[in-house]
2 protein chains.
Amino acid sequence: MRFWMLNNMREKIQYEVILTSKGLSKTKFRIDLLRLFCNSKKSLLVDDIIVFFGNMINKVTVYRALEDFENKGLIHKVPDKKNRKRFSLCDFDECSQNSHIHNHSHFICDICNTTFCIDDIIPPTISNIKGYHIKQSSLILEGYCEECNSTN
Amino acid sequence: MRFWMLNNMREKIQYEVILTSKGLSKTKFRIDLLRLFCNSKKSLLVDDIIVFFGNMINKVTVYRALEDFENKGLIHKVPDKKNRKRFSLCDFDECSQNSHIHNHSHFICDICNTTFCIDDIIPPTISNIKGYHIKQSSLILEGYCEECNSTN
DNA sequence: TCCAAAAACGCAACTAATTTGCGTTTTAAT
DNA sequence: ATTAAAACGCAAATTAGTTGCGTTTTTGGA
Ligand SMILES: [Mn+2]
Ligand SMILES: [Mn+2]
Ligand SMILES: [Zn+2]
Ligand SMILES: [Zn+2]
């Protein structure tokens, strides 16, 4: 279950509680950043965040917050066509300080490059081959997103 | 002429034929680069190539060769943990000037970051969802490669 | 073989993305 | 209130990739 679903279910979720439970300080920016992720279906580029907060926040602070959020299991990297850093919220139950488990797929739009998690398509489990040890499989779907599909 | 020279020459001609058939000029560097890809099971970073050729070649030339090779359907981008450009040979029959078709998976080692194509694991075909149009699916496997698995 | 056009190349400068160092401010815990 | 840890801002550095342009090599035809 993702944070935004939790947020939907209980009327008011304290972002502060989540930050605290992950061992992160409750600064104004980090609370707002967590809220931004919770309210965004799409994954976020560093630049999306910088644009959102305007000149209120330094880019270095953004990079460091993302790094901390990722380390604490709050967000995870999402594949990006142009090799830039891009993140989405983790599943509340699945990820923590030292274990990220992502059992869902990612969609990338060929046209607008929008990316988001698709929770209900589970990547196939691949059994180990030869001498390898496969720990995780992930599935990337590419094509036209809803918006681009309807206008092309 | 010794056999091994004949052999070398035939091998070289083979690469030249491929370059010509793709509409690429047969320069010493591009022949050697194609050979490097053909002899490498692992996918190659720009930096792997620059290290291999040492100061014999300019990095701009490497970037442009990779771009041309990709456009002509000779190589394809491979996902990289650190978001760098990384390539592997395409299947000669499948890819060409304006169509890349990659019906295989990619393995990424969690420890050494080595990446390579796994031809015999075919990504599942995902039917379209909702308003989306899914054109392609790709599967990424992560874990320990043969080498890292045996020493950890 | 000779020639012109196209492709490839090298160099320098440039842009974009991300990281590091360090001193200051804010937050957390007592 | 005190103090340590975490977060922050600014400047500078680093890394990765790109662009412009003049020169060289390759190609394909005369
Ligand atoms: Mn995801
Ligand atoms: Mn591949
Ligand atoms: Zn789109
Ligand atoms: Zn490995």
Side-chain angles (χ1 to χ4, degrees), chain A residues 14-36 43-72 74-75 77-87 97 113 115, chain B residues 12-13 15-36 43-75 77-87 97 113 115:
Chain A
Q14 305 286 315
Y15 298 109
E16 291 90 342
V17 170
I18 294 172
L19 289 171
T20 300
S21 77
K22 297 290 183 176
L24 295 162
S25 290
K26 303 169 292 186
T27 64
K28 179 168 188 333
F29 168 62
R30 290 187 174 206
I31 294 165
D32 290 344
L33 180 62
L34 179 55
R35 177 184 303 114
L36 180 62
S43 67
L44 300 175
L45 289 166
V46 172
D47 209 55
D48 295 333
I49 296 167
I50 287 171
V51 165
F52 181 85
F53 287 99
N55 58 1
M56 299 305 296
I57 205 73
N58 189 283
K59 63 173 178 170
V60 177
T61 303
V62 173
Y63 279 107
R64 293 205 260 235
L66 291 172
E67 188 186 1
D68 290 347
F69 277 23
E70 187 186 20
N71 287 339
K72 301 300 173 133
L74 222 45
I75 60 175
K77 283 207 190 73
V78 169
D80 177 77
K81 273 256 199 61
K82 294 178 183 166
N83 288 357
R84 293 159 306 182
K85 291 204 167 182
R86 193 186 271 275
F87 294 89
Q97 169 88 254
N113 289 343
T115 307
Chain B
K12 184 185 167 201
I13 287 172
Y15 298 121
E16 292 183 354
V17 168
I18 292 170
L19 288 171
T20 300
S21 77
K22 297 288 184 177
L24 296 162
S25 290
K26 302 169 292 186
T27 64
K28 178 169 189 332
F29 168 61
R30 290 187 175 207
I31 294 166
D32 290 344
L33 181 61
L34 179 55
R35 185 194 346 261
L36 181 61
S43 67
L44 299 176
L45 289 166
V46 172
D47 210 55
D48 294 332
I49 296 167
I50 287 172
V51 165
F52 181 84
F53 286 99
N55 57 1
M56 300 305 297
I57 206 73
N58 188 283
K59 66 169 178 170
V60 178
T61 303
V62 174
Y63 279 108
R64 293 205 260 236
L66 292 172
E67 188 185 1
D68 290 347
F69 278 23
E70 187 185 20
N71 287 339
K72 303 298 174 140
L74 222 45
I75 59 175
K77 284 207 188 73
V78 169
D80 177 75
K81 271 256 199 61
K82 293 179 182 165
N83 291 353
R84 293 158 306 181
K85 292 202 168 183
R86 193 186 270 276
F87 295 88
Q97 170 88 254
N113 289 343
T115 308

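Letters A, B, ... are given to chains in the order of the sequence lines, protein chains preceding strands, and every chain is numbered from 1. Reckoned from all heavy atoms, side chains included, excluding hydrogens, waters and symmetry mates.
- Across the protein-nucleic acid pair, B:F87 atom CZ and D:dA16 atom P stand 14 Å apart, rounded to whole Å.
- The ring of A:F69 has its center no closer than 6.0 angstrom to the ring center of A:F87.
- Along DNA chain C, the nucleotide nearest to A:K85 and the one nearest to B:M56 differ in position, and the one closer to the 5' end is contacted by B:M56.
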Step by step, would you call B:L24 with B:L74 a side chain to side chain contact (heavy atoms under 4.5 Å, CB included)?
CA-CA 10 Å; B:L24 296 162; B:L74 222 45; 3.8 Å; yes
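- Looking only at side-chain heavy atoms (C-beta outward), A:K82 and A:N113 come within less than 4.5 Å of each other.
- Distance B:R84 CZ to D:dA16 C1': 10 Å, rounded to the nearest Å.
- Summary of the strand contacts: B:T20 and B:V46 both lie near DNA chain D, and taking for each the nucleotide with the nearest heavy atom, the more 5' one is attributed to B:V46.
- The outermost nucleotides of DNA chain C lying under 4.0 Å from heavy atoms of chain B, listed 5' to 3', are C:dA7 to C:dA12.
- Across the interface with DNA chain D, nearest-nucleotide mapping of A:F29 and B:K26 shows A:F29 to be the residue nearer the 5′ end.
- Proximity of B:I75 to B:L44: side-chain heavy atoms (C-beta onward) are nowhere separated by under 4.5 Å.
- As a whole-Å value, the separation of B:K28 NZ from D:dT26 P is 11 Å.
- In this structure, the CG atom of A:N55 is 10 Å from the P atom of D:dC10, given to the nearest Å.
- Side-chain contact check for B:D32 versus B:F52: every heavy-atom pair is 4.5 Å or farther apart.
- Remark: P of D:dA12 and CG of A:N58 are 14 Å apart, rounded to the nearest angstrom.
- What separates CG of A:D80 from P of D:dG17 is a distance of 13 Å, to the nearest Å.
- The shortest distance between side-chain heavy atoms of A:K85 and B:N83 falls below 4.5 Å.
- Using a 4.0 Å cut-off, no side-chain N or O of A:K22 falls inside it from OP1 or OP2 of D:dA6.
- Counting any heavy atom pair closer than 4.0 Å across all strands shown, B:R64 reaches a base atom.
- With hydrogens and angles disregarded, no donor-acceptor distance shorter than 3.5 Å links the side chain of A:T115 to the backbone of A:S43.
- Interatomic distance, A:F29 CZ to A:L34 CG, rounded to the nearest 0.5 Å: 11.0 Å.
- Judged by distance alone, with hydrogens and angles left aside, the side-chain atoms of B:N71 form no donor-acceptor pair with the main-chain N or O of B:D68 at under 3.5 Å.
- The distance from atom OH of B:Y63 to atom C1' of D:dT15 is 9 Å, rounded to the nearest whole Å.
- Heavy atoms of A:D68 sit under 4.0 angstrom from primed sugar atoms or phosphate atoms, though from no base atom.
- Relative to the axis of its first five pairs, the axis of the last five pairs of the helix from C:dT1-D:dA30 to C:dT30-D:dA1 sits at 40°, rounded to 10 degrees.
- Here A:K59 lies in heavy-atom contact (under 4.0 Å) with a base.
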